[in-house]
Amino acid sequence: MPHVDPARVEQVRANLAAVRARIEQACARAGRAPEEVSLVAVTKTYPADDVRILASLGVRDVGENRDQEAAPKAAETADLGLTWHFVGQLQTNKARSVASYADVVHSVDRTRLARALGERAAAAGRGLTCLVQVNLDDDSRAGVIGPRGGVDPEDALALAADIEAHESLTLGGVMAVAPRGGDPAEAFARLHGVASRVRDRYPLATVISAGMSADLESAIERGATHVRLGTALLGNRGPIVG
Ligand SMILES: *Cc1c(COP(=O)(O)O)cnc(C)c1O
């Protein structure tokens with residue numbers, strides 16, 4: 001790793017240890033095994049060198065929320081053989097690019113996007129795992145805080161079927177972002193209900209992607225199988241430009 005700063009390695013190593021301890025404690029409280037919870041390191045705004053550092057510390061799953069940033073970073077670190085998770089809102093015209101490097105798309109929120117990803121993955125000879133993003137915002141508040149993406153909970157099964165319809169797509173489960181300001185516990189409990197209904201019909205769709213740096217404990221207590229962590233691993237991000 002030619003450009004890697006040893007102080008940065010130690011900082012990320014310490015952050016990773018702290019995060020793993022938080023996950024273990026949350027699992028212990030919930031009576032779950034820590035192996036049930038996968039950590040996805042969200043590297044947005046951080047350079048490819050940080051991806052290399054994370055990989056050197058044993059992290060295999062990395063996430064990004066913008067294709068413009070993810071595509072070059074995935075290319076720069078392709079030698080590492082990591083699993084790339086796309087977690088941000090996705091325009092249909094970016095499906096071709098995302099399908100070329102992503103392994104898991106957490107943010108599938110409409111039929112057209114599922115179709116575009118299915119066609120692009122097939123054309124690239126790749127398979128994609130897709131999660132149904134569920135909107136947990138309270139409708140009455142949505143106008144104030146802005147939508148965070150996702151289908152209404154009652155539409156999740158229909159979108160799951162649309163994903164399953166594509167040979168190149170595998171339905172992995174569900175994903176959500178807790179509403180700003182609300183009680184994450186209540187939101188994650190609702191997501192767990194949606195996840196159960198999806199899994200009843202699609203028994204292999206076991207993923208519940210929920211929990212970020214601020215609320216991972218609450219998500220793990222309510223069944224999260226994947227936590228998506230940026231700040232807790234890499235530090236506070238500056239304002240996002242562009
Ligand atoms: C940025 C981001 C995360 C990570 O958030 P942190 O609070 O930095 O841990 C998780 N999920 C999504 C969808 C994100 O955009």
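Numbering starts at 1 and runs along the sequence shown. Remember, it's 1-based here, ligands and their atoms both numbered in the order they're listed. Bear in mind the structure is a predicted one, so any value in this text is a computation, not a measurement.
Using a 30° and 60° split on the angle between ring planes, Y101 and W84 fall in the perpendicular class, above 60°.
Residues D50 and T43 have side chains that never bring a donor and an acceptor to within less than 3.5 angstrom of each other. Side-chain contact of N236 with T231: a donor-acceptor pair under 3.5 Å is absent, judged by distance alone. With 3.5 Å as the limit, one finds a donor-acceptor pair spanning the side chains of R228 and S209.
For atom 9 (O) of ligand 1, the closest non-hydrogen atom of the protein is S213 OG, 2.5 Å. Summary of contacts: the protein heavy atom closest to atom 11 (N) of ligand 1 is R228 NE, 2.9 Å. The protein heavy atom nearest to atom 2 (C) of ligand 1 is K44 NZ, 2.6 Å. In this structure, atom 13 (C) of ligand 1 lies nearest to the protein heavy atom V87 O, 3.3 Å. Protein heavy atom nearest atom 8 (O) of ligand 1, with residue, atom name and distance: T231 OG1, 2.5 Å.
Residues D155 and R110 are not paired through a salt bridge, judged by the lack of any N-O separation under 4.0 Å between the basic side chain and the carboxylate. The pair D49-R8 does not count as a salt bridge, with every side-chain nitrogen at least 4.0 angstrom from each carboxylate oxygen. A salt bridge is absent between K44 and E69; no separation between the charged side-chain nitrogens and carboxylate oxygens falls under 4.0 Å.
Atoms of ligand 1 lying under 4.0 Å from at least one heavy atom of G230, given by number and element, are 4 (C), 6 (P), 8 (O), 9 (O). Listed by number with element, the atoms of ligand 1 under 4.0 angstrom from any heavy atom of L229 are 9 (O).
Looking at H106 against ligand 1, nothing comes within 4.0 Å, counting heavy atoms.
Between M212 and ligand 1, no pair of N/O atoms sits closer than 3.5 Å.
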